[in-house]
Enquirer: 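This is the structure I want to talk about, given as structure tokens.
Only this structure's heavy atoms are used, side chains among them; waters, hydrogens and symmetry mates stay out. Start at 1 and go down the list; that is how both ligands and their atoms are numbered.
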Amino acid sequence: MADLPPLREVIARHGLAASKALGQNFLLDPQLLDRIARVAGDLQGQRVYEVGPGPGGLTRALLRAGADVVAVERDRRCLPALAELAEAADGRLRVIEGDAMAVDAAAEAGRGAHIVANLPYNVGTALLVRWLEPEAWPPWWSSLSLMFQKEVAERIVARPGSDHFGRLSVLAQWRSRATIALNVHRSAFVPPPKVMSAVVHIVPGAMPAGVDPATLSALTAAAFGQRRKMLRQSLKAMPGALDALATLRIASDRRPETLSVDEFVAVAKTLS
Ligand code: SAM
């Protein structure tokens with residue numbers, strides 16, 4: 001591992017010009033990459049699932065931290081560079097070629113794995129929602145440490161009443177703890193994106209009893225699907241929802257961003 005060439009050289013040698021369509025903004029600074037890997041905690045001997053290793057900067061940091069890594073990369077151009085890294089990693093890196101949306105991550109990485117990724121912006125939130133929505137809780141993963149555009153990171157950790165509070169906030173907070181662990185300046189990426197980024201850290205917590213996760217998911221989708229509307233309008237097509245509001249004495253002229261996470265959970269529980 002110590003003899004690996006600098007990432008810039010790997011990128012040049014393998015012709016890995018960043019593709020916008022694949023959301024490619026690479027990180028090259030080993031110190032920053034080590035800090036991102038540390039967000040997940042002590043990774044010595046731990047299993048990590050990484051989406052989008054690209055030329056392998058974050059993958060190197062995860063391996064330096066002592067993790068066993070399963071990485072899924074869609075861009076075939078990156079595979080020779082990742083094969084070199086796998087060889088240097090002595091069996092601690094397995095690369096899967098494919099679309100992370102189509103991979104059974106739990107089966108590939110196994111129960112207890114940490115998910116660490118500098119996510120491609122086009123599939124980042126879809127993957128996060130998938131990881132937050134399983135029926136069984138605690139989920140198969142032990143923690144999520146994920147780079148997002150700053151604005152998405154703020155939505156994930158937002159508190160009720162804030163402009164950023166929305167469906168992602170409720171899904172990330174009703175049975176998990178979500179924090180922004182690290183802000184990352186746009187200039188750290190090659191090429192630099194237009195916006196700032198942040199690493200969000202999420203760990204599973206206790207799941208409130210009697211709530212069907214699919215019901216909570218549908219409730220938040222309906223409520224925030226028409227964010228500017230009062231709940232009596234946005235929830236009217238959801239059977240039982242307005243009765244649940246009345247039972248819980250939640251005024252139906254409120255807008256969704258004014259409800260606390262606990263109130264969303266209470267409505268979902270009444271509906272479940
Ligand atoms: N991890 C590298 C780093 O930090 O420098 C690259 C991060 S770059 C923001 C996102 C990576 O995800 C790219 O390598 C891209 O090819 C890959 N990618 C994009 N869509 C993907 C998908 N659906 N499944 C797997 N990888 C994907």
Enquirer: Can you list every pair that meets side-chain hydrogen bond (donor to acceptor under 3.5 Å, both in side chains) and has a residue in residues 5-14, with sequence neighbours left out?
Expert: Arg13-Glu84, His14-Glu84
Enquirer: Give me the pairs of N or O atoms, one from ligand 1 and one from the protein, that sit under 3.5 Å apart.
Expert:
unit_1, atom_1, unit_2, atom_2, d
ligand 1, 1 (N), Gly52, O, 2.8
ligand 1, 1 (N), Pro53, O, 3.4
ligand 1, 4 (O), Asn118, ND2, 2.8
ligand 1, 5 (O), Leu27, N, 2.8
ligand 1, 14 (O), Gly54, N, 3.4
ligand 1, 14 (O), Glu73, OE1, 2.8
ligand 1, 16 (O), Gln24, NE2, 2.8
ligand 1, 16 (O), Glu73, OE2, 2.6
ligand 1, 23 (N), Asp99, OD1, 2.8
ligand 1, 24 (N), Ala100, N, 2.8
ligand 1, 26 (N), Arg74, N, 3.4

Enquirer: Return yes if a side-chain donor-acceptor contact under 3.5 Å exists between His164 and Ser162, otherwise no.
Expert: no
Enquirer: Look at Glu257 together with Lys229 and state whether they make a salt bridge at an N to O cut-off of under 4.0 Å.
Expert: no
Enquirer: Pair up each side-chain donor or acceptor in residues 174-184 with any protein partner under 3.5 Å, not counting sequence neighbours, and list the distances.
Expert:
unit_1, atom_1, unit_2, atom_2, d
Arg175, NH1, Pro134, O, 3.2
Arg175, NH2, Leu132, O, 2.8
Arg175, NH2, Pro134, O, 2.8

Enquirer: What is the ring orientation for Phe165 with Phe264, classed by angle as parallel under 30°, tilted 30 to 60°, or perpendicular over 60°?
Expert: tilted
Enquirer: How would you list all residue pairs meeting side-chain hydrogen bond (donor to acceptor under 3.5 Å, both in side chains) that involve residues 26-44, not counting sequence neighbours?
Expert: Asp34-Arg64
